[in-house]
Every structure is written in structure tokens, then in C-alpha cells.
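Presented below is the structure to which this report refers.
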Amino acid sequence: MSSSNSRRGRHGTKLSRLIAVTAVAAMALTACGGGSNASGEDGDVVLRFSWWGSDARATTTNEIIKAFEEENPGIKIQGEYGDWSGYWDKLATQVASNDAPDVIQMDDKYLREYADRGALLDLSDVDTSKFEDVAVENGRTEDGVFGITTGINSFTLTTNPEILAEAGIEMPDDRTWTWDDYREITEKISAEVDGKYGAAAPNEPAGLQSWLRQGGKHLTTDEGVLGFEASDLSGYFQHHLDLMENGSYPGASGLAEDQNSGPDRSMTGTGTAAFGMWWSNQLGALSAASGVDLVPLRLPTHTGNPKDSGLWYKSSMLMSASARTKHPEETQKFIDYMVNSETAGQLNQMDRGLPANTEVRELVVAELDDLEALSARFVTELEEDLSGAEPIPPMGFSAIQDIAYRYELEVFFKRQTPDEAAQKAIAEMEAAIS
């Protein structure tokens, strides 16, 4: 999971930041010198490890580092962390100046930004024998394995049961409901419950990815090009416009505000929307913010068949390593510890996703509190309905989120029709990943 700043900041960056990252990272190819080569006073190998996240994650990670150092005398880990919003700018600068950390917490949106430029170490030797295939493939390109999944999560419809009860609506059967059912339910909630709405703003790019997958397509393909047509995107925009016009959503201004709100201030976090699209490992934080034990549901389908839901396991994050590290063996040893050790798993719990190592996962799930256990069960029970991994995003993919959000607002504010917005959005997306 990326850090909880805003819907944009939590899942990606704006186009201007992408351009800065791309331009600076490209300089890494011509940078001279070595990589991290720190040594402690006693001759210990010192590895730098960078990650984004909250203060709570930092505390937990430092405990993992301490445990690793105790089990591996002669290796010291120097932690570097910050929030999501500044993490990628800093990493791009470090890579360009040949000062990259040895171990890098990575998001799949940026994997190719660095791997395809030769900035990351092939981690094929890290043990992934206890991982599901999809968790391994999430970090693999045609050139090797450049990211090791820490944990998995799934895109969900987070549901507020108290709002449903206020509207006199029972919890939907998420294995059989359709988008038509969803429109009817959310419209009724907005009409029946004062000050509440049926649904919160779309969450991109996962909302669009899910919609396309339900039609047998992908946002981007294995070849690194867009996997859909303007008519697909126009239909998606029209779907959300219909939800706004029938009252399921607030008006355009309310959607714009929710689009830029972090979990605590979102319509889900403030308890003003019955349904919101979020990643499964955010259930606990959203429940705490809203004061309600929220319930994760599958997204509706066009057919009412759960096999057509387009579900997939996403890497909540990955562990990568600098190709210029002077200590590749020790670096991979630490990554192995992060993803395969019971100690790290028990400390991380679900903060970096439901553990990718299935044996560690069983141990962790047995110790979770009720709400987190609910989220874990939800994710594991989806397996029978999964429809394969999402292709690894191509370079430039991180711009797609901002493009989708901007053109959704153009449609919501009636400045462009769904068809007009789709044509222009696709042109920008193609330019971003070309």
C-alpha cells in the first residue's frame, strides 16, 4: 500500500512529477562511479534501505531491522524513510547521482521506470518457492525479477453497513450482484438517508483497470501499450456520469473534493458514503476513521457471475535492490528476510499487504484482530475467482492516474462529453507510455 495522503498521492503522482522522475532517472545511465559501499567502524557491511510510509511503519520496520541485525552479525541496515509524496523525487535524484539505496521499497507503477534503465538488481535468486505464481510475476519483466512482492491485496468495494441499515437495505450478495443492482442501491441510499450518498468518487487507476478486466481487456498490455479503445473509456466515463446524474454520487464539486482527499477525510473515512473503492489492506484505517467496522465486498459485474469480476492479486509493494550495490549477496539476504522470515511477518502483519509467503501468511492471519482477519479472509477467498495478474505497468504508467482523474472531472463538470474526454485522455496516455 502506498502512503495515505490523497487518492492521487496514494496511488501515483501527477504528470509533472513523472516527467521529473523520468528525466532524472535517465541520467543514471551516464552517471559514473559505484553504488553504496558503506562500511561500519568494525568492518561491518552497511546497507541502506529506503521506504515510504507512516511513523507506525517506520517503528515496525526498525524493529525488523534490529531483529535482522541480531540474526546476521556483520551486516548493518541504515534506514531511510519518508512519505509517499516526496519518496519518488528523492529516489530519482539518488539514482541519478549514483547514490541509490541498496534496498528500495518499490511500487509496481515505477518498477519499469528503473528496471528497464538497468538501475535494479536481478533478484531471481531470492527464494519465492512459497509464493503464489501471481505474486512472483508481479515483479518480473522479460529481463528478470526486479521486485519481490512483500504482500498481496485486492481492489474492493468497502461498505458501510450502518448507512445501508439507515436506508433499509440488506448487505448485497457480492457474488451475484450487477452494476445495474449497484446503481439502484446507491441511488436509493442517496434518496433515503439525509447527508449521505450511495457511493464515493472513483479510485484510479484501479477502478478503470477493474472495469476493463471485466470486459476481457487490460489498461496496458505485456507489450507496454494501451489495451483498450476509446469506446471502452467512453463507456467507463458514461457509467460514472450516470451515477452522478442519478444521485448515487454527489455533484461534480463533491467528487472533485473527494478525489483529492486522503482516507481520513474521504467520503468513506468520514462515513458519508455507503460504498467506496479501496485496496483491501486499507480496511482497518478506514474503519478507524469512520468509527464503523466496514465490510469488504467484490465489485459488481456486468453478468452477475463472480468469475467475470476481473479480480486479481496486486502486490501492495515490492522489495527491489540497486544494480550498483557493492553488496548484492547481503542485499538479497535482507530482502529474503523481509519476505520470508516469520519474525518480519509477525512484525509487519498486514502493513505491507497480506504476506506473499503463504506459510508466513498462515502464521500472521492466526494472530490478527477481528477486522484485519476479515480483510485477510476476504482476500484469500477471492482466489477461486481470480482472472490472472495485471501486466507489469510500462514506463510512464504513473501518469495515467492523473490523466484519468482530470478527464473524469471534465465529464463531471460537463465541460466535455464522455466521447470527447475519452479521445483526449487516450492520446495523453499513449504519449505518456510511448
Side-chain angles (χ1 to χ4, degrees), residues 1-2 11 108 128 130-139 149-161 171-179 181-182 202-203 205-219 268 275-287 293-318 345 349-366 368-392:
M1 179 183 77
S2 24
H11 299 293
D108 63 358
T128 56
K130 299 297 191 299
F131 288 30
E132 290 120 340
D133 289 344
V134 65
V136 180
E137 294 306 308
N138 283 342
T149 297
T150 63
I152 58 171
N153 57 12
S154 63
F155 200 51
T156 69
L157 203 59
T158 302
T159 308
N160 189 316
M171 188 67 66
D173 179 354
D174 69 343
R175 295 186 60 84
T176 61
W177 69 335
T178 67
W179 287 111
D181 297 328
Y182 182 72
N203 196 338
L208 177 55
Q209 287 175 303
S210 299
W211 182 269
L212 293 171
R213 288 172 64 90
Q214 289 192 3
K217 298 184 179 182
H218 292 283
L219 182 49
T268 302
F275 299 104
M277 295 182 181
W278 299 87
W279 291 99
S280 56
N281 60 333
Q282 295 174 296
L283 183 69
L286 289 163
S287 294
D293 285 349
L294 304 176
V295 177
L297 296 179
R298 294 170 172 82
L299 269 64
T301 65
H302 298 287
T303 64
N305 184 340
K307 298 292 185 183
D308 298 329
S309 63
L311 292 167
W312 80 102
Y313 282 159
K314 178 187 181 297
S315 294
S316 50
M317 62 192 65
L318 306 109
Q349 292 195 330
M350 289 185 63
D351 183 61
R352 287 183 164 92
L354 189 63
N357 180 306
T358 55
E359 292 184 356
V360 174
R361 182 187 305 171
E362 291 180 8
L363 180 68
V364 169
V365 169
L368 295 175
D369 63 28
D370 291 344
L371 190 62
E372 287 183 323
L374 171 65
S375 178
R377 287 196 302 272
F378 174 80
V379 173
T380 55
E381 289 171 0
L382 296 178
E383 188 169 1
E384 63 184 270
D385 296 325
L386 297 180
S387 55
E390 188 70 1
I392 294 177

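Gly345 approaches Val364 most closely through the heavy-atom pair O-CG2, 3.3 Å. Residues Leu219 and Gln209 approach most closely at CD2-CG, 3.6 Å, considering heavy atoms. Minimum heavy-atom separation, Ala206 to Trp279: CB-CZ2, 3.5 Å. When all heavy atoms are compared, the tightest approach of Leu157 to Arg298 is CB-O, 4.3 Å. Heavy-atom minimum distance, Met277 versus Asn203: O-ND2, 2.8 Å. Nearest heavy atoms, Asn138 versus Lys314: ND2-C, 3.9 Å.
Rounding to the nearest 0.5 Å gives a distance of 9.0 Å between CZ of Phe131 and OG1 of Thr358. Distance check, rounded to the nearest 0.5 Å: OG1 of Thr158 to CG of Leu283 gives 6.0 Å. We find the CG-OG distance between Asn160 and Ser287 to be 9.0 Å, quoted to the nearest 0.5 Å. Between Ile152 atom CD1 and Met350 atom CE the span is 9.0 Å, to the nearest 0.5 Å. Rounding to the nearest 0.5 Å places CG of Asp174 at 9.0 Å from OG of Ser309. Annotation: the span from Glu137 atom CD to Glu390 atom CD amounts to 14.0 Å, rounded to 0.5 Å.
With sequence neighbours left out, the salt bridge (Lys or Arg N to Asp or Glu O under 4.0 Å) criterion links Arg361 to Glu132. Residues meeting the side chain to side chain contact (heavy atoms under 4.5 Å, CB included) test with Ser154, sequence neighbours left out: Thr156, Ser280, Phe378, Val379, Leu382.
Between the side chains of Gln214 and Trp179, at least one donor N or O lies within less than 3.5 Å of an accepting N or O. Neither side chain, Asp308 nor Thr301, offers a donor N or O lying under 3.5 Å from an acceptor on the other.
Within a 6.0 Å sphere centred on CG of Asp133, other residues, nucleotides and ligands contribute 12 heavy atoms or fewer. In the displayed structure, Asp369 atom CG is contacted under 6.0 Å by more than 12 heavy atoms of other residues, nucleotides or ligands.
No donor-acceptor pair closer than 3.5 Å links the side chain of Thr128 to the backbone N or O of Val136. Between the side chain of Thr150 and the backbone N or O of Met317 there is at least one donor-acceptor pair closer than 3.5 Å. Remark: the backbone N or O of Leu311 is paired with a side-chain donor or acceptor of Arg213 at under 3.5 angstrom. Of the possible polar contacts, none joining the Ser315 side chain to the Thr149 backbone as a donor-acceptor pair under 3.5 Å is found. A donor-acceptor contact shorter than 3.5 Å is absent between the side chain of Lys307 and the backbone of Ser387.
Looking at Pro300 and Phe275, their side chains never come closer than 4.5 Å, going by heavy atoms from C-beta outward.
Taking the six-membered ring for Trp and thresholds of 30 and 60 degrees, His302 and Trp211 have ring planes more than 60 degrees apart, a perpendicular arrangement.
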Given side-chain contact (heavy atoms from CB on, under 4.5 Å), test Leu299 with Tyr182 step by step and report yes or no.
-> CA-CA 9 Å; Leu299 269 64; Tyr182 182 72; over 6 Å; no

Give the intermediate values and the outcome of side-chain contact (heavy atoms from CB on, under 4.5 Å) for residues Asp108 and Leu318.
-> CA-CA 7 Å; Asp108 63 358; Leu318 306 109; 4.2 Å; yes

Evaluate the side-chain contact (heavy atoms from CB on, under 4.5 Å) criterion for residues Arg175 and Asp385: first the C-alpha distance (whole Å), next the side-chain angles of each, then the deciding distance (0.1 Å), finally the verdict.
-> CA-CA 10 Å; Arg175 295 186 60 84; Asp385 296 325; 3.0 Å; yes

Decide yes or no on side-chain contact (heavy atoms from CB on, under 4.5 Å) for Leu297 and Met171, but give the supporting numbers first.
-> CA-CA 9 Å; Leu297 296 179; Met171 188 67 66; 4.0 Å; yes

